[in-house]
Amino acid sequence: MERSERNIVSNASGYFPHPVSPPQSAGSMKRRAMKEKKTDHVVPLKNAVFAAFLAWFLPGLGHLYQGRKAKAAIYAVCILGLFFFGALLASGKCGVARCVYISMSPGPGAGVRYYYFAQVWAGAPALPALVQYLNDPTGVKQAANGFMAPPMQVTPGSRGYSENEPSIDNIRKKLNRRFEIGTLMTTMAGLLNIFAIFDALYGPVNEEEEERNRQKKLEEKRKRQRAKRRKGEDTAEM
Amino acid sequence: MLFFAFLRIFDCLYAIPMILATSLVYAASRHENTQEIFSQGLRLSAWLAGFMLLGLVLMVVIF
């Protein structure tokens, strides 16, 4: 066989010329195995960046795209459930989901709302607040029944202030502790979605350990089957 | 007064969905197997609830 023929090997998907790599040292093989271990996922991540974007846009959607249906359901139920429950708690006569809003005006009034930087990680459910802010930053219009709209930038004692206006003080007074609990829940939902985004991007943290456990269980099962078979053969011989 | 204080304890029930969601999402980010996710999630939620209860008891005793 000529040298050129020897360097052509078959592939599972068909035959094509593929140069055979020269013999490698044990060290380089080990390094290569380690590199492969780092990049090869047991879980199929497909296009991981796109999956991460989907996971941000709607919790669970990225995992659904990757075919990890059970995890998609867990993330969707936990994160979206927490977000909507919190938003529902902070709803009342003064408007809907009043705990999710953007306010960037320092000083008296609504002040700067830092919670939104965490809430926005929940994705699409928190985006109406951005639309409301871009539409009306001072909260004068209170469009869509004040749904995620910024509170009106007035303070008690200022000109044109009344008890019925959706200022931050009145909203807090009407919603009481439900405003705080709603804020906490929606913020937590946003922060928890960061876990889901990283999971869609890199796979589960204990992936290798889980795979090792699975292999161990399989090995134990095989051992048990072998022992059973041996026992059966022994009794047949007797 | 004590009656109203007792009623406010029911506010702690809002912590249940938060504890469950946190522990399940955390467990889901560590494992791929559903059974392992639920077992670690429930274990973690029990730890969190226990820790919070301990904090509550300490606060009741101190104040």
Side-chain angles (χ1 to χ4, degrees), chain A residues 41-45 55 59-60 63 66-86 88-89 122 176-178 180-182 184-211 213-214 217, chain B:
Chain A
H41 287 281
V42 180
V43 183
L45 297 177
H63 294 80
Q66 289 174 329
R68 301 151 83 186
K69 288 174 191 163
K71 279 184 102 165
I74 291 169
Y75 283 131
V77 169
C78 291
I79 297 169
L80 290 178
L82 198 64
F83 188 90
F84 287 125
F85 186 48
L88 197 73
L89 276 178
N176 205 341
R177 58 184 177 277
R178 285 190 296 141
E180 304 300 338
I181 296 168
L184 186 67
M185 282 187 174
T186 47
T187 305
M188 273 178 65
L191 292 174
L192 286 175
N193 201 31
I194 297 175
F195 277 97
I197 292 167
F198 271 90
D199 186 37
L201 202 56
Y202 297 113
V205 178
N206 290 353
E207 189 182 12
E208 282 175 19
E209 192 190 315
E210 213 167 74
E211 182 60 22
N213 285 346
R214 202 179 302 140
K217 268 183 194 171
Chain B
M1 187 74 182
L2 199 70
F3 174 71
F4 286 112
F6 179 72
L7 277 182
R8 289 301 289 270
I9 280 183
F10 285 107
D11 282 356
C12 297
L13 294 179
Y14 286 119
I16 293 171
M18 282 192 262
I19 290 170
L20 279 176
T22 309
S23 47
L24 277 175
V25 168
Y26 176 78
S29 72
R30 320 299 285 182
H31 301 284
E32 195 61 32
N33 189 353
T34 319
Q35 208 180 334
E36 279 182 54
I37 291 171
F38 279 106
S39 67
Q40 200 200 339
L42 289 177
R43 236 180 307 132
L44 190 65
S45 55
W47 268 101
L48 282 174
F51 188 72
M52 284 173 75
L53 207 68
L54 190 76
L56 182 76
V57 169
L58 276 175
M59 279 196 283
V60 167
V61 169
I62 291 167
F63 301 109

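Proteins come first, then strands; the chains are lettered A, B, ... in the order of their sequence lines, and each starts at number 1.
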Under 4.5 Å from any heavy atom of chain B - which part of A:F85: side chain
Relative to chain A, which segment of B:T34 carries a heavy atom at a distance below 4.5 Å: side chain, backbone, both, or neither? side chain
Working to the nearest 0.5 Å, report the span between CD of B:E32 and CZ of A:R214. 8.0 Å
Go through the atoms of A:L89 and report whether side chain, backbone, both or neither lie under 4.5 Å from a heavy atom of chain B. side chain
How far does CG of A:N213 sit from CD of B:E36, to the nearest 0.5 angstrom? 6.0 Å
Can A:L184 and B:Y14 be said to form a side-chain contact (heavy atoms from CB on, under 4.5 Å), step by step? CA-CA 10 Å; A:L184 186 67; B:Y14 286 119; over 6 Å; no
Begin from the C-alpha positions of A:L192 and B:Y26 and carry the test side-chain contact (heavy atoms from CB on, under 4.5 Å) through to its verdict. CA-CA 8 Å; A:L192 286 175; B:Y26 176 78; 6.0 Å; no
Looking only at heavy atoms, the pair that brings B:S29 and A:F195 closest together is OG-CD2, 3.5 Å
Does any N or O in the side chain of A:K71 come within less than 3.5 Å of the main-chain N or O of B:A28, such that one atom is a donor and the other an acceptor? yes
Mind listing the closest non-hydrogen atom pair of B:P17 and A:M185 along with its distance? CG-CE, 3.9 Å
Nearest 0.5 Å please: distance from the CG atom of B:L24 over to the CG atom of A:L82. 11.5 Å
Counting neighbours of CZ on A:F84 that are heavy atoms of other residues, nucleotides or ligands and sit closer than 6.0 Å, is the number greater than 12? yes
